[in-house]
Number of protein chains: 2
Amino acid sequence: MNIYDVSKKAGVSIATVSRVLNGNHNVSEKTRSKVISAMKELDYTPNIFARGLGLNTMKTIGIMCTDSSDTYLANAVYYVEQKLRSFGYDALLCCTGNDYINKKKYMSLLLSKRVDGIILIGSQFVNNSPGSDNSYIIDASSEIPIILVNGYLAGDNIYCVMCNDHDAVYNAASDMIKAGHRDFVYLYTSTSFSGMNKLRGFKDAMDEAGIHIDKDRFHLCTKSISKSNDYLSFIYEKNVPFDAILTSDDSLAVGAVKFAYKHGIKVPDELEIVGYNNSVLANCTEPELSSIDSKVEQLSSNAVDLLMEVLGGGSVSNINTVTADLIKRQTTKF
Amino acid sequence: MNIYDVSKKAGVSIATVSRVLNGNHNVSEKTRSKVISAMKELDYTPNIFARGLGLNTMKTIGIMCTDSSDTYLANAVYYVEQKLRSFGYDALLCCTGNDYINKKKYMSLLLSKRVDGIILIGSQFVNNSPGSDNSYIIDASSEIPIILVNGYLAGDNIYCVMCNDHDAVYNAASDMIKAGHRDFVYLYTSTSFSGMNKLRGFKDAMDEAGIHIDKDRFHLCTKSISKSNDYLSFIYEKNVPFDAILTSDDSLAVGAVKFAYKHGIKVPDELEIVGYNNSVLANCTEPELSSIDSKVEQLSSNAVDLLMEVLGGGSVSNINTVTADLIKRQTTKF
DNA sequence: TTGTACGCGTTATCAG
DNA sequence: CTGATAACGCGTACAA
């Protein structure tokens, strides 16, 4: 079942069938309808592989994400896929895990599949420490546009969609300071660009208020409820006083709520807690978590818009920023 | 950059290059290495579209899922993608939403992309009420194998991987009865095959113990923490007594925990709660949720194994069942 | 073991 | 407005 069968049935050439197929205007209404009914009768579907070969594109975008089962990333994948689809693009999903080797491998896999662009979801793909090797991304960008959702890497054909993480944490911390807090703890999960921005936001707010933060008070922590709980218990028993906790991820904030419960500390009266990402987890605890909404939907949507603009030949700014919101629930009272 | 360039550089024919490319053994070591170094020098990558055209496959599987941001479904998508990749297949992701029209549309979209098979993740694709129209699945199965993860539909080229939901709920309920409970509430989110099996498991356990369940005591509920909370408050204020809650989803069980907290009911002493899916949510509440682990990883893995077997021409049973486990945490004491 | 030649189903370029 | 024909790049009978 191909274009020849249709052309035969309709009594026209394959060129005409192709024209009808692609909505070309240089076809008389009469011929067009002849062709269309022939296609219907034969239940014809164009062969997308042949088209791909000719046009050298299958209108497919590669999505890389370290772990699509992570709540935040899963949401981003969801929104990106939906948006891509709305532009008629397919999404080829690659869950890479956090291994450098695998990220590299999947990148070249996607290139070999000749996708039209690649969207890297999450901050785990770029290593922003000085002297780090991000060449697998740079190299790929010489062939097709690369979009980073919530990550930053400079490059000609690399586009970054980010949340103003620094300001979000800075503002939340400043509000807490205004509300009278001095004894802070900051827990974070990642030293990615985004992770470091959040941390700097925290530190800047502290600096500005002249609050000294010793190293017990900011802690790099596995993204896990229990690890967060454990660490807080650890410094609590060391008699480090604190009445305000900020985190880079809701799971850590949930751990903080559980820590407070375990030790009979009243939230928010004796301890205020702010999470990050405004995920489902925020609604699960008692009291419910105040959390910074990092606008994953808008981030994802902008990422696809940007990519489409680039693919359409438009010239686009390499950096696009989205503003986070603090969603106040019951773990804060400021 | 194509196979001709390589053949020229290596001084062989394109057939030989192709043979090397595909690991064909009828090539002398000498020629092979000549070809390989030519490929390296030219940095040659085979054109996958051309290969797809000839072989009429791109080794791609369509994944349909109503909402990949749902915790359970996101996990399934993750595991399926990983497993597919391990067999050298790509995953084309389609988030359909719950609209029948869209499901149908995406199904034919995937068919038009000539994927080698389609995996439907989640129980929302089949309508198992009598006389329902599932023809979009049946029709698709006449072209390529369809795998249902956690769904059931009879058909020649349709394969179902399911959890023994009935027994899982039945066993949990029976255990609770043995522990002395008589006043049950069952909350569920879906009337899908899986959803009805769970409900029947609940009812069967009740029947067997001679416990009468009036219609207040099982309730179809939106998958939402607050809706569950609301409904329980509603019957509580109506003075329906209950000391045991089973749910078809962890989010509803979280709602139950919050309901108990709000009304000062002690969990598990005055009220035992069992969730379903053993998701991250189960670790968020205080006390932590006992939950039925529906083995999403094994389900996903089996789904891909099955599909690979079918694509390899093997003959496979149309139904594959996985056994759920109750994970006991702090909302139960039996 | 190697090479020639054709088929896969489109799209695009001409010529009419 | 329409048709013939050449790409597109690979796999593979078949021939040597």
For the ring pair B:Y136 and B:Y100, is the centre-to-centre distance below 6.0 Å? yes
Nucleotide range of DNA chain C contacted by chain A, 5' to 3', under 4.0 Å to a heavy atom? C:dG9 to C:dA12
Are any protein N/O atoms closer than 3.5 Å to N/O atoms in nucleotides 10-13 of chain D? If there are, list each pair with its distance.
| unit_1 | atom_1 | unit_2 | atom_2 | d |
| --- | --- | --- | --- | --- |
| D:dC10 | OP1 | B:Y44 | OH | 2.3 |
| D:dC10 | OP1 | B:N47 | N | 3.0 |
| D:dC10 | OP2 | B:I3 | N | 2.4 |
| D:dG11 | OP1 | B:N22 | OD1 | 3.3 |
| D:dG11 | OP1 | B:N22 | ND2 | 3.3 |
| D:dG11 | OP1 | B:R51 | NE | 2.9 |
| D:dG11 | OP1 | B:R51 | NH2 | 2.9 |
| D:dG11 | OP2 | B:S18 | OG | 2.9 |

For atom CG of B:N22, is the number of surrounding heavy atoms from other residues, nucleotides or ligands below 6.0 Å larger than 12? yes
Restricting to side chain to side chain donor-acceptor pair (under 3.5 Å), what partner residues turn up for A:T323, sequence neighbours left out? none
A:N75, A:L148, A:L299, A:V149 screened by side-chain contact (heavy atoms from CB on, under 4.5 Å) with A:I121, the one that passes: A:V149
Could you state the interatomic distance from CD1 (A:I3) to CZ (A:R51), rounded to the nearest 0.5 Å? 9.0 Å
If you measure from the Lys or Arg side-chain nitrogens to the Asp or Glu carboxylate oxygens, is any gap between B:D99 and B:K105 under 4.0 Å? no
Quick one: do B:K113 and A:D90 make a salt bridge, cutoff under 4.0 Å? yes
Modelled atom types, side-chain donor and acceptor of A:S192 and A:S123, under 3.5 Å: yes
Round to a whole Å and report the spacing from NZ of A:K34 to C1' of D:dC1. 12 Å
